[in-house]
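One structure is given below, encoded as structure tokens.
Every number for a ligand or one of its atoms is a count from 1 in the order of the listing. As a basis for the values below, the full set of heavy atoms in this structure was taken, side chains included, without hydrogen atoms, waters or symmetry mates. In this chain, residues are counted from 1 in sequence order.
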Amino acid sequence: SPLIQLPHIVPRAVEGFECFNASLPNITIYATGGTIAGSAGSADQTTGYQSGALGIRTLIEAVPQLCNVSNVKGIQIVNVDSGDINSTILTNLTQQIQKDLDNPFMQGAVVTHGTDTLEESAFFLDLTIASEKPVVVVGSMRPATALSADGPINLLSAVKLAVNKNAKGRGTMIVLNDRIASARFTVKTNANAVDTFKAEEQGFLGVFEDINPLFFYPPSRPLGHRYFNITSRPFQTPMPKVDVLYGHQEVSPEIFQAAVDSGAKGIVLAGLGAGYWPSVALKSLEAVVNKTGIPVVASRRTAWGYVEGQEWGINAGFLNPSKSRIQLQLALENKLSNQEIKNIFEL
Ligand SMILES: NC(=O)C[C@H](N)C(=O)O
């Protein structure tokens with residue numbers, strides 16, 4: 001049902017909205033950049049374009065259908081390639097979205113984002129926003145100027161999802177290519193393809209049919225979900241540095257100490273198979289862990305799988321390295337002990 005019905009509250013709600021109809025729900029679109037806001041020199045150029053070139057007003061104006069489903073307010077958080085998103089930008093985003101969703105007149109939030117690190121930001125929002133209302137992160141693989149650009153339909157899908165009554169209680173979701181995906185499990189699997197976001201083992205939450213969301217199951221949160229309250233931390237302060245190290249044949253045993261020396265307060269390992277390391281490297285890893293007490297999370301370099309049983313560290317379970325890094329950073333920011341961090345990861 002529409003959130004705004006009483007005439008006397010209309011003027012307050014109108015403020016800041018790009019389009020307004022008292023019978024429609026209210027959504028805020030937070031724009032951060034990426035290819036969905038990307039601009040190339042010609043319509044047939046799909047690489048080498050500038051990410052984060054167009055502002056949120058341009059993105060909204062390109063999809064007039066948005067105003068048929070929702071009142072949309074656009075907020076430009078930053079306008080960057082997603083490689084430049086960091087913990088201060090994400091803290092700012094969480095704090096603004098939380099405030100917004102706590103407002104009874106707001107129905108949900110949509111975040112536009114580059115796809116390269118979208119899986120990290122979506123997971124961050126999932127862990128730091130406390131609300132039943134939907135948070136939807138959306139991107140595109142083709143710049144806004146391209147033939148068959150996927151951004152406009154993805155944006156309309158995201159807004160339709162954010163106002164859908166079945167979308168509540170599912171945490172943060174990811175929308176691209178007619179799919180609804182879980183922020184916890186979904187990753188970018190292909191550097192170029194439009195159907196890149198997948199969770200091979202956990203699957204999708206639903207699909208879009210005629211640009212309308214259809215869910216497979218009732219709402220639920222994934223096992224292992226944990227909330228981190230960052231609403232009152234100063235957002236300008238970066239969170240503790242966590243490095244991801246990649247395992248391979250002949251890996252240098254010195255990389256663990258090098259990470260600590262460069263300021264890492266936690267380490268995530270993209271290990272071989274189910275979290276293994278070559279024996280020489282493992283010895284030096286154990287020495288660093290024993291000497292510094294730094295938390296080390298064992299994840300995997302394979303795309304999918306489950307990591308358990310690595311005695312020298314904290315086992316990542318189903319979380320891949322990029323998502324493990326986000327959770328470890330939030331755990332360190334919240335000053336959790338190594339044992340408490342272990343309890344969060346090893347459910
Ligand atoms: N498709 C994209 O959005 C890629 C872009 N480099 C980004 O992540 O910002």
[X] neighbourhood, listing ligand 1 atoms whose heavy-atom distance to it stays under 4.0 Å:
| X | answer |
| --- | --- |
| Ser51 | 5 (C), 6 (N), 7 (C), 9 (O) |
| Gly114 | 3 (O), 7 (C), 8 (O), 9 (O) |
| Gly34 | 9 (O) |

When only distance counts, is [X] in polar contact with ligand 1, meaning an N/O pair under 3.5 Å?
| X | answer |
| --- | --- |
| Asp81 | yes |
| Ser140 | yes |
| Asp116 | yes |

What residue and heavy atom of the protein are closest to [atom], and at what distance?
| atom | value |
| --- | --- |
| atom 1 (N) of ligand 1 | Thr115 OG1, 2.6 Å |
| atom 4 (C) of ligand 1 | Thr35 OG1, 3.2 Å |
| atom 8 (O) of ligand 1 | Ser82 OG, 2.6 Å |

Worksheet item: For Asp100 and Thr28, what are the C-alpha separation, side-chain angles and deciding distance, and is it a side chain to side chain donor-acceptor pair (under 3.5 Å)?
Response: CA-CA 8 Å; Asp100 212 11; Thr28 306; 2.6 Å; yes
Practice prompt. Only one of Thr189, Thr186, Asn320 passes side chain to side chain donor-acceptor pair (under 3.5 Å) with Glu119; say which it is.
Written response: Asn320
Discussion item. Please confirm whether the ring centroid of Phe256 lies under 6.0 Å from the ring centroid of Trp277.
Written reply: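 Yes: the rings meet the under 6.0 Å criterion.
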Worksheet item: Within 45° of the ring axis of Phe215 and under 6.0 Å from its six-membered ring centre, is that where the NZ or CZ of Arg170 lies?
Response: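 Yes, a cation-pi geometry holds between Arg170 and Phe215.
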Discussion item. For Phe228, does the six-membered ring have the charged nitrogen or CZ of Arg226 within the cation-pi criterion, i.e. under 6.0 angstrom from the centroid and within 45° of the normal?
Written reply: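 Yes, a cation-pi geometry holds between Arg226 and Phe228.
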Worksheet item: Under 6.0 Å from the CZ atom of Arg221, do we count more than 12 heavy atoms belonging to anything else shown?
Response: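 Yes, enclosed.
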Practice prompt. Would you sort out whether Thr145 and Tyr49 count as a side chain to side chain donor-acceptor pair (under 3.5 Å), showing the intermediate values?
Written response: CA-CA 9 Å; Thr145 46; Tyr49 53 86; over 6 Å; no
